[in-house]
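Structure first, commentary second.
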Amino acid sequence: MTTNTPTSPLERLGWSAFFAEQVEPGEENLVPRRVSSVHRARIDVIDVTGPVEIEFPPNTSTAEFAVGDWVLANPLTNMLVRRLDRKTVFQRRTEGGHGQQLAAANIDTLFIATSCNADFNVGRLERYLIMANQAGTTPVIVLTKADTAEDASVYEVQARALQRDLPVVTLNAKSADAVDLLKPWCGPGQTVALVGSSGVGKSTLVNTLAGLASDDAQKTGGIREKDAKGRHTTTARSLHPIAGGGWVIDTPGIRTLYVSDITDGIDTLFAEITELAPLCRFRDCTHAHEPGCAVQAAIASGDLSAERLERWRSMQTENRARTPVVSGPKGNKTVRKKKY
Ligand SMILES: Nc1nc2c(ncn2[C@@H]2O[C@H](COP(=O)(O)OP(=O)(O)OP(=O)(O)O)[C@@H](O)[C@H]2O)c(=O)[nH]1
Ligand SMILES: [Mg+2]
Ligand SMILES: [Zn+2]
């Protein structure tokens with residue numbers, strides 16, 4: 001959350017000193033535009049007046065752009081000149097592949113959506129939190145479908161325990177109350193993105209936040225009764241103005257979230273373990289069997305649960321297995337082979 005209230009129309013669109021400082025001498029005549037949706041063959045942009053035309057140089061790949069990106073364009077030809085550096089980017093490793101898929105850029109807050117039903121999964125939420133921490137965005141857990149749960153607090157308690165000071169908001173995505181509950185992270189100049197499995201209500205919440213109805217509304221879809229899985233209704237990422245100010249990005253449901261190269265994100269998720277590690281006798285302590293281990297001592301005294309350490313260990317192992325390592329006599333970059 002920022003304390004400066006945006007004054008100019010461009011600032012209300014999310015523009016800030018971070019981007020202004022990137023405009024170089026000779027570029028003053030170019031105009032900033034923000035990417036509002038990314039399709040396989042097309043990118044849409046907006047400026048302070050709303051949707052505007054933009055031309056891309058031949059052979060530009062839409063995969064290089066993320067919703068929320070800022071670009072500079074020539075106002076006379078509408079030609080894209082360049083993309084500005086990102087403040088934050090939420091990206092994930094593609095299934096089985098080596099590439100990264102860009103979900104959203106320049107977001108202040110990541111709303112990690114899950115429902116008060118069979119979708120709720122601690123391991124999956126931990127992955128999202130690690131990715132949010134790594135991206136430099138503030139994570140908020142948004143528990144949808146509270147109206148369908150017998151006791152939503154069961155989910156809330158588990159979610160709060162995932163990371164220190166983690167905000168958890170329980171709501172009905174179809175109800176206008178959701179707007180007030182999420183207000184602390186919305187407002188002029190703020191950009192939030194919704195991520196989570198298919199069917200948890202991301203698009204429903206976007207429609208509520210943006211006040212979208214009928215023709216303009218994001219399409220929503222039903223879910224399977226037995227496991228609460230959605231039908232992958234949303235297929236592209238898109239940016240929408242929130243009625244009370246700020247912007248919300250809708251994203252397609254993610255099937256499996258793989259983590260890799262996310263050491264900092266893990267350190268933040270398990271801050272209580274990270275902080276104990278320097279107190280261990282050995283610098284490379286694995287907190288398993290070493291004498292003088294501060295983490296094991298915390299478990300023995302009841303300050304830390306053994307289960308939490310187990311979760312930390314499995315994330316560490318997965319991160320190590322999936323992160324490209326530099327090895328070999330000539331320092332060739334190799335990726336450790338592992339079947340996903
Ligand atoms: N009762 C109730 N139903 C909800 C809530 N949020 C979403 N739904 C319903 O859940 C279904 C799925 O909602 P969507 O908004 O399409 O879910 P999504 O996360 O956008 O799904 P994908 O686009 O497939 O990733 C729809 O039938 C919604 O009406 C909620 O808070 N309460
Ligand atoms: Mg959707
Ligand atoms: Zn230790």
Side-chain angles (χ1 to χ4, degrees), residues 37 67 92 101 103-104 110-120 124 128 141-150 152 155-156 169-179 181-182 193-210 212-213 216-225 227-240 248-257 267 270 272-301 303-304 306 308-310 312-313 316:
S37 67
V67 170
R92 64 191 187 94
Q101 191 179 59
L110 192 72
F111 286 162
I112 302 168
T114 180
S115 320
C116 298
N117 59 23
D119 179 73
F120 189 92
R124 174 145 28 79
Y128 278 111
I141 304 282
V142 176
L143 282 170
T144 60
K145 310 196 185 185
D147 53 307
T148 65
E150 219 159 86
Y155 300 97
E156 215 174 305
V169 181
T170 311
L171 49 74
N172 172 356
K174 294 180 180 179
S175 156
D177 299 348
V179 178
L181 291 169
L182 297 175
L194 272 157
V195 294
S197 321
S198 175
V200 297
K202 298 180 295 297
S203 302
T204 305
L205 193 52
V206 165
N207 290 338
T208 301
L209 287 173
L212 295 172
D216 293 336
Q218 286 289 93
K219 256 204 213 115
T220 62
I223 59 168
R224 250 180 1 204
E225 276 287 312
D227 57 6
K229 281 205 188 339
R231 303 193 162 98
H232 292 277
T233 309
T234 306
T235 54
R237 291 159 275 278
S238 57
L239 182 75
H240 307 268
V248 57
I249 296 173
D250 193 7
T251 67
I254 295 174
R255 283 190 174 84
T256 315
L257 189 62
D267 286 351
F270 297 100
E272 71 274 38
I273 298 176
T274 311
E275 286 168 7
L276 284 171
L279 306 177
C280 296
R281 186 176 307 161
F282 300 108
R283 249 193 59 203
D284 57 351
C285 186
T286 63
H287 318 314
H289 43 67
E290 294 88 342
C293 172
V295 175
Q296 285 296 343
I299 290 175
S301 70
D303 289 343
L304 181 73
R308 188 96 170 132
L309 180 64
E310 272 319 300
W312 170 85
R313 193 180 307 288
Q316 293 284 356

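First listed ligand is number 1; within each ligand, the first listed atom is number 1. Computed from a prediction, not measured in an experiment: that's the story for all the values here. Just the heavy atoms: all of them, side chains too, but no hydrogens, waters or symmetry mates, feed the values below.
For atom 21 (O) of ligand 1, the closest non-hydrogen atom on the protein side is Gly199 N, 2.9 Å. For atom 6 (N) of ligand 1, the closest heavy atom belonging to the protein is Ala173 CB, 3.5 Å. Among protein heavy atoms, atom 17 (O) of ligand 1 sits closest to Gly201 N, 3.1 Å. Among protein heavy atoms, the minimum distance from atom 3 (N) of ligand 1 is reached at Lys174 CE, 3.4 Å. Shortest contact from atom 13 (O) of ligand 1 to any protein heavy atom: Thr204 OG1, 3.4 Å. Given atom 24 (O) of ligand 1, the protein heavy atom at minimum distance is Ser198 OG, 2.6 Å.
Panel note: side chain Ser301, backbone Ala298; a donor-acceptor pair is recorded below 3.5 Å. No side-chain donor-acceptor contact under 3.5 Å links Ser115 to the backbone of Lys145. At distances below 3.5 Å, not a single donor-acceptor pair connects side-chain atoms of Thr234 with backbone N or O atoms of Pro252. Using a distance-only test at 3.5 Å, with no hydrogens or angles considered, a donor-acceptor pair links the side chain of Thr208 to the main chain of Thr204. A donor-acceptor contact shorter than 3.5 Å is absent between the side chain of Glu290 and the backbone of Cys285. Between the side chain of Arg224 and the backbone N or O of Arg231 there is no donor-acceptor pair closer than 3.5 Å. Under a 3.5 Å cut-off, the side chain of Lys202 and the backbone N or O of Ser197 do form a donor-acceptor pair. In this structure a side-chain-to-backbone donor-acceptor pair under 3.5 Å is present from Thr144 to Thr114. Checked by atom type and distance alone, the side chain of Ser198 never pairs as donor or acceptor with a backbone atom of Gly253 at under 3.5 Å. Within the 3.5 Å criterion, the main-chain N or O of Leu194 finds a donor-acceptor partner in the side chain of Thr251.
With distances taken over non-hydrogen atoms, the option nearest atom 23 (O) of ligand 1 out of Asn207, Thr234, Thr144 is Thr234. Among Gly221, Pro252, Ser203, Ser175, the residue whose heavy atom lies nearest to atom 11 (C) of ligand 1 is Gly221.
Sorted by chain and number, the protein atoms of type N, O or S within less than 2.8 Å of the Mg ion (ligand 2) are Ser203 OG, Thr234 OG1. Shown here are the protein N/O/S atoms lying under 2.8 Å from the Zn ion (ligand 3), water excluded: Cys280 SG, Cys285 SG, His287 ND1, Cys293 SG.
Residue Thr220 has at least one heavy-atom neighbour below 4.0 Å for each of these atoms of ligand 1: 14 (P), 15 (O), 16 (O). Every atom of ligand 1 is numbered from 1 in the order shown, and the set under 4.0 Å from a heavy atom of Gly253 is 25 (O). Annotation for ligand 1: atoms under 4.0 Å from non-hydrogen atoms of Thr148 are 1 (N). Those atoms of ligand 1 with a heavy atom of Val200 less than 4.0 angstrom away are 17 (O), 19 (O). Numbered from 1 in the order shown, with element, the atoms of ligand 1 that lie under 4.0 Å from a heavy atom of His232 read 24 (O).
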Report task. Let me see the working for Arg237 and Asp250 under side chain to side chain contact (heavy atoms under 4.5 Å, CB included), right down to the final yes or no. Result -> CA-CA 6 Å; Arg237 291 159 275 278; Asp250 193 7; over 6 Å; no
Requested in this report: Please lay out, stage by stage, how Arg255 and His232 fare under the test side chain to side chain contact (heavy atoms under 4.5 Å, CB included).
Outcome: CA-CA 9 Å; Arg255 283 190 174 84; His232 292 277; 3.6 Å; yes
Query raised in the report: For Tyr128 and Val195, what are the C-alpha separation, side-chain angles and deciding distance, and is it a side chain to side chain contact (heavy atoms under 4.5 Å, CB included)?
Result: CA-CA 8 Å; Tyr128 278 111; Val195 294; 3.8 Å; yes
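When non-hydrogen atoms are compared, ligand 1 lies under 4.0 Å from the side chain of Asp147 (C-beta onward) but not from its backbone. Of the heavy atoms in Lys145, both backbone and side-chain atoms come closer than 4.0 Å to ligand 1. If you look at Asn172 next to ligand 1, the close heavy atoms, those under 4.0 Å, come from the backbone and the side chain alike.
There is a side-chain donor-acceptor pair under 3.5 Å between Ser238 and His240. Side-chain contact of Asn207 with Gln218: a donor-acceptor pair under 3.5 Å is absent, judged by distance alone. Checking Thr220 against Ser203 by side-chain atom types alone, no donor-acceptor pair falls below 3.5 Å.
The shortest separation from a heavy atom of Gly230 to ligand 1 is not under 4.0 Å, leaving the residue out of contact.
In terms of N/O distances under 3.5 Å, ligand 1 is not approached by Ile223. Below 3.5 Å of separation, one finds no N or O of Arg231 facing any N or O of ligand 1.
A salt bridge does not link Lys229 with Asp119: none of the charged nitrogens is closer than 4.0 Å to a carboxylate oxygen.
Looking at every heavy atom in both residues, Cys116 comes nearest to Ala146 through SG-CA, 4.1 Å.
With a 4.5 Å cut-off on side-chain heavy atoms, Asp227 and Asn117 do not count as touching.
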